[in-house]
Student: 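The structure under discussion is supplied below as structure tokens; questions concerning it will follow.
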Amino acid sequence: MPELIALHPTPTPTPRLPAAAGARAFAQRIARLAVRSLYAELVLYPKPGLVSLVDNGSHADMTAATFMRSMFALRRYFLDITQAGVDDAPFHALKRLGIDAEARMLRATAGINTHRGAIFCLGMLCAAIGRCRARGVPLTAAAVQAMLLQCWGHALGAHSIDAGAASNGAQARLAYAASGAREEGARGFPSVFAVGLPALRRTLAEGRGMREARIDALFALMAHISDTNVYHRGGIEGALSVRRRARAFVACGGTASPDWEARALACHRAFVASRLSPGGAADLLGAACLLQAVTVN
């Protein structure tokens, strides 16, 4: 799975690449880590209501193969948007890359939305990581978030209120006053930096493995965010159910509890029975996985 980027010189001297070639190699590596982060989210199990290699969760229209086709179609996007960050591209250029990537995703999946939220969230993080690299800023989580807001914060704020009602998420925002990916982006993805990533790192620091860390991060995000995917499928009652079950899992110690897997599986089955799917939390988990792979602290 994603390895930590080598941020310091290695003991063995290596030939220096020209600046442009070095930046391109960096962008290629970040793109690989972004795709691997999406794959890490896909293969995680048990994952309440969500598609995995084990089953399709609450979805009748998509499988793990659908997600794999989508990830394959997005490889070039993550490279290009990281490079755009290196080049200090304006927000409208990043947005154009995202729109084109969404079109490629939909062609690859026959019109099924597998990664719309991830295109936005991970794409903006890739751009911010690229900009940090160009400015010689050490890759810490705080630096990536600060760079994101410094370079594109104003445009992201305008983007958050410039949302039509075509998507399911937009309709849920209008119907339930629920926040979504755009609102997260306008604030620098606080759920990723303040909830998902800390939960993931806390579990690792306590000596449990990456699988457990990702489960804990997912449940922490489910307990915290207002997920338009859940509102669309289950309304207010569904959203309250997701948050209540996730908070109960966290309150019992998460994966530190000996029976955590049985409890996570029971939650998965309950979500499937109610057709609930916390896809927004899944996208943010992918972002947390990317930051864990890229940043030093």
Side-chain angles (χ1 to χ4, degrees), residues 1-2 32-75 105 108-110 112-119 121-122 168 181 191-192 196-197 199-200 203-204 208-223 225 227-230 232-234 238 241-243 245-246 248-250 254-255 257 259-290 292-293:
M1 286 310 303
R32 286 195 298 270
L33 290 173
V35 173
R36 290 182 190 180
S37 297
L38 293 181
Y39 182 77
E41 184 278 319
L42 174 63
V43 301
L44 190 64
Y45 186 85
K47 193 174 51 181
L50 297 163
V51 174
S52 72
L53 300 184
V54 177
D55 59 46
N56 300 340
S58 299
H59 297 271
D61 60 342
M62 61 182 77
T63 68
T66 316
F67 278 80
M68 292 296 291
R69 290 196 300 273
S70 177
M71 280 183 267
F72 189 83
L74 295 177
R75 294 178 304 165
M105 172 196 75
T109 63
I112 297 171
N113 170 26
T114 47
H115 287 119
R116 180 176 286 133
I119 287 170
C121 182
L122 272 75
N168 293 333
S191 295
V192 177
L197 182 61
L200 194 156
T203 298
L204 292 175
R208 297 191 295 285
M210 189 61 77
R211 178 189 178 218
E212 288 81 2
R214 289 167 179 158
I215 290 287
D216 281 334
L218 176 62
F219 273 88
L221 288 163
M222 286 163 48
I225 69 169
D227 194 328
T228 54
N229 291 273
V230 174
H232 169 67
R233 283 175 165 262
S241 175
V242 168
R243 198 168 295 176
R245 282 182 170 273
F249 183 89
V250 172
T255 62
S257 175
D259 65 342
W260 75 263
E261 196 162 358
R263 289 188 292 106
L265 187 56
C267 186
H268 175 54
R269 289 169 176 160
F271 282 19
V272 171
S274 300
R275 295 188 65 255
L276 298 173
S277 178
D283 291 333
L284 298 177
L285 172 62
C289 289
L290 174 62
Q292 171 63 17

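Keep in mind it's a predicted model, so treat the numbers as computed, not measured.
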Student: Does any part of the side chain of Leu265, heavy atoms only, come nearer than 4.5 Å to the side chain of Pro48, both counted from C-beta?
Tutor: no
Student: Is the side chain of Asp259 donor-acceptor paired with the backbone N or O of Ala262 at a distance under 3.5 Å, no angle test?
Tutor: no
Student: Any side-chain to backbone donor/acceptor pair from Ser37 onto Leu290? Under 3.5 Å, distance only.
Tutor: yes
Student: When you compare the side chain of Ile215 with that of Trp260, does any pair of heavy atoms fall below 4.5 Å?
Tutor: yes
Student: Which atoms form the tightest heavy-atom contact between Met105 and Leu74, and what is the distance?
Tutor: CB-CD2, 4.4 Å
Student: Quick check: does any side chain N or O of Ser52 sit under 3.5 Å from a backbone N or O of Val54, one acting as donor and the other as acceptor?
Tutor: yes
Student: Below 4.5 Å, heavy atoms only, C-beta onward: do Thr114 and Met71 meet side chain to side chain?
Tutor: no
Student: Are Leu285 and Leu44 close enough, and set up right, to give a side-chain contact (heavy atoms from CB on, under 4.5 Å), and what steps lead you there?
Tutor: CA-CA 11 Å; Leu285 172 62; Leu44 190 64; 3.8 Å; yes
Student: Can you name the nearest heavy-atom pair linking Ala34 to Leu122, along with the distance?
Tutor: O-CD2, 3.8 Å
Student: Do NZ/NE/NH1/NH2 and the carboxylate oxygens of Glu41 and Arg214 come within less than 4.0 Å?
Tutor: no
Student: I'd like to know if the side chain of Arg69 reaches the main chain of Thr109, judged simply by a donor and an acceptor atom lying under 3.5 Å from each other, with no hydrogens or angles considered.
Tutor: no
Student: Taking atom CG of Leu276 and atom CZ of Arg245, what is their separation to the nearest 0.5 Å?
Tutor: 9.5 Å
Student: Between His268 and Asp55, do the side chains contain a donor N or O and an acceptor N or O under 3.5 Å apart?
Tutor: yes
Student: Quick one: pull up CG in Leu38 and CG in Asp283 and give me the separation to the nearest 0.5 Å.
Tutor: 8.0 Å
Student: For the pair Ser58 (side chain) and Phe271 (backbone), establish whether a donor and an acceptor sit closer than 3.5 Å, ignoring hydrogens and angles.
Tutor: yes
Student: Where do Leu197 and Ala288 come nearest, in terms of heavy atoms and distance?
Tutor: CD1-O, 3.7 Å
Student: Would you say that Tyr39 contacts Phe67 through its side chain, given a criterion of any heavy-atom pair below 4.5 Å between the two side chains?
Tutor: no
Student: Starting at CZ of Arg36, measure out to SG of Cys289 and round the result to the nearest 0.5 Å.
Tutor: 13.0 Å
Student: Mind running side-chain contact (heavy atoms from CB on, under 4.5 Å) on Leu204 and Gln292 for me, showing each step along the way?
Tutor: CA-CA 11 Å; Leu204 292 175; Gln292 171 63 17; 3.6 Å; yes
Student: Which atoms form the tightest heavy-atom contact between Gly254 and Arg263, and what is the distance?
Tutor: O-NH2, 3.3 Å
Student: Please name the pair of heavy atoms, one in Ala246 and one in Ala223, separated by the smallest distance, quoted to 0.1 Å.
Tutor: CB-N, 3.5 Å
Student: Working to the nearest 0.5 Å, report the span between CE of Met62 and OG of Ser70.
Tutor: 9.5 Å
Student: Determine the minimum heavy-atom distance between Ile225 and Ala281, stating which atoms define it.
Tutor: CD1-N, 3.6 Å
Student: Would you give the length of the straight line joining atom OG1 of Thr66 to atom CG of Leu42, rounded to the nearest 0.5 angstrom?
Tutor: 9.5 Å
Student: Considering only NZ, NE, NH1 and NH2 on the basic side and carboxylate oxygens on the acidic side, decide whether Asp216 and Arg208 come within less than 4.0 Å.
Tutor: yes
Student: Could you go through Phe219 and Cys267, starting from their C-alpha distance and side-chain angles, then the distance that decides it, and tell me whether this counts as side-chain contact (heavy atoms from CB on, under 4.5 Å)?
Tutor: CA-CA 10 Å; Phe219 273 88; Cys267 186; 4.1 Å; yes
Student: Do other residues, nucleotides or ligands put more than 12 heavy atoms under 6.0 Å from Met68 CE?
Tutor: no
Student: Kindly confirm or rule out a cation-pi arrangement of Arg75 over Phe72, judged by NZ or CZ under 6.0 Å from the six-membered ring centre and within 45° of its axis?
Tutor: yes
